[in-house]
Amino acid sequence: MDIKKVKIIKLDDLGRGIGYVNDKIIFIPNALPNELVSVKITYNNKKYLEGEVIKYYNKSLLRTLSFCPYYNLCGGCSLQHISYLDTLEFKKEKVKNILNKFAKLDTDIDIVKNEKEINYRNKIELKIEDNIWGYYNNKSHSLVSIDYCLIALSSINEVLKYKKYFDIKNGSIAIRSNSNNEILISINSKDKVDININEIKKYINLKGVIVNDKVIYNNSYFIEEFDNLKFKVNYNSFFQVNLFTFKKIVDYIKENISGNNLLDLYCGVGILGQVLSNKFKKVYGIELNEDSIKDANYNMKLNNINNIKYVCSDAKDMMKYINDSIDTLIVDPPRSGLLKSMIEDIIKLNIKNIIYVSCNPISLSRDLNLLKDNYEIKDIKLFDMFSYTYHVECVCILNLR
Ligand SMILES: C[S@@+](CC[C@H](N)C(=O)[O-])C[C@H]1O[C@@H](n2cnc3c(N)ncnc32)[C@H](O)[C@@H]1O
């Protein structure tokens, strides 16, 4: 076994400790700055090493005891060895450095706390092997059996108490809950699946069970209430996973948005455009997923909104569908961010106010770098949507210069 002694210098963007072995960089999970550790080398390529701590010679003052027995095993959380407040400091510092590196912006950033800290996720996806449910370990890729997940809503953890009523040999299960504790379960498996729905219904408020994209019980969706509106959420549509923090994002956007015509790019099931619709004459929503667009149209009717037009299209083709003058834009893209051609289109449209919601500070910084000559960056705020993980959610307000 290749064992090395390493002094940790700082944390990387994934929350791993960084040190050096003979001038070669090494990344070590669960290791904090100023700690001296013995590590087993678990990965070695030309550029870097990865290691696993086998002994701590000293412990950082930041170190705390993790609260979950599956921490460091299940591959989910990555920052449970520091306090919640220190996870927020880590996230602020990480985004500040990324903005500096990729957009040459030097700015201090605020972060808005997650009021729930734990039990905040309304969706989890577990793997199943030989009827055992769990997450895959990051390193070994072996299944780590779990009985609960402390970052998931309690209503989701209730379902895990009744695993014995599911006979799923191999595959995966996604469990979604809304704020009324209603549950939607979707299973994928190549084997025969047997579920004792009558028994489960005694304990769980089951709204639908879907196996291999076929509804086998009740519905393929539930209705979620958010910001005094209702949203149909299909089992396979994107929906925000932490509505506690997302409410804070929406309030912040409401304070910073104004105009006549809003374009909601990457609109999903329409949540942002609909909660903002009463501030605009007309709203346009563009989204690639056909089911999400169907749900967005359904939600508009459910909410008695009549000033939104939805288009199912790749966002990069937005110019084909814009015949109106757009003065306000929300973009909430996937991790890859915006294409360069889209940024050129946005600049051509002379949009006055842009709200950029991003789950990836690197693509956000790259895009801000292209926008910043034409747009003043009025504010960037972080919102803690994914507590105890290294993931961050940024919202950036841009005004035309
Ligand atoms: C981060 S989610 C945001 C959804 C929505 N704004 C919300 O708050 O629920 C990104 C959305 O972009 C959609 N999407 C991904 N690639 C796309 C593309 N090339 N064009 C349009 N929409 C896309 C996904 O289906 C997903 O609904």
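Side chains included, hydrogens not; waters and symmetry mates left out as well; all remaining heavy atoms used. In listed order, ligands and their atoms are each counted from 1.
- Judged by a 6.0 Å distance limit and a 45° cone about the ring axis, R366 is not positioned over the six-membered ring of F102.
- A donor-acceptor contact closer than 3.5 angstrom is absent between the side chains of N205 and N180.
- Under the 6.0 Å distance and 45° angle rule, K116 counts as a cation-pi partner of F244.
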Short N or O separations between ligand 1 and the protein, below 3.5 Å:
| residue | atom | partner | partner atom | Å |
| --- | --- | --- | --- | --- |
| ligand 1 | 6 (N) | Y266 | O | 3.0 |
| ligand 1 | 6 (N) | D332 | OD2 | 3.0 |
| ligand 1 | 8 (O) | Q240 | NE2 | 2.6 |
| ligand 1 | 8 (O) | D332 | OD2 | 3.3 |
| ligand 1 | 19 (N) | D314 | OD1 | 3.1 |
| ligand 1 | 20 (N) | A315 | N | 2.8 |
| ligand 1 | 22 (N) | L288 | N | 3.2 |
| ligand 1 | 25 (O) | E287 | OE2 | 2.6 |
| ligand 1 | 27 (O) | E287 | OE1 | 2.8 |
| ligand 1 | 27 (O) | E287 | OE2 | 3.4 |

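- Between N303 and K230, the side chains place no donor N or O within less than 3.5 Å of an acceptor N or O (distance only, hydrogens not considered).
- Each of N188, I185, I216, I168 was scored for a side-chain contact (heavy atoms from CB on, under 4.5 Å) with V211, with one residue passing: I216.
- For Y162 and Y203, the gap between ring centers is short of 6.0 Å.
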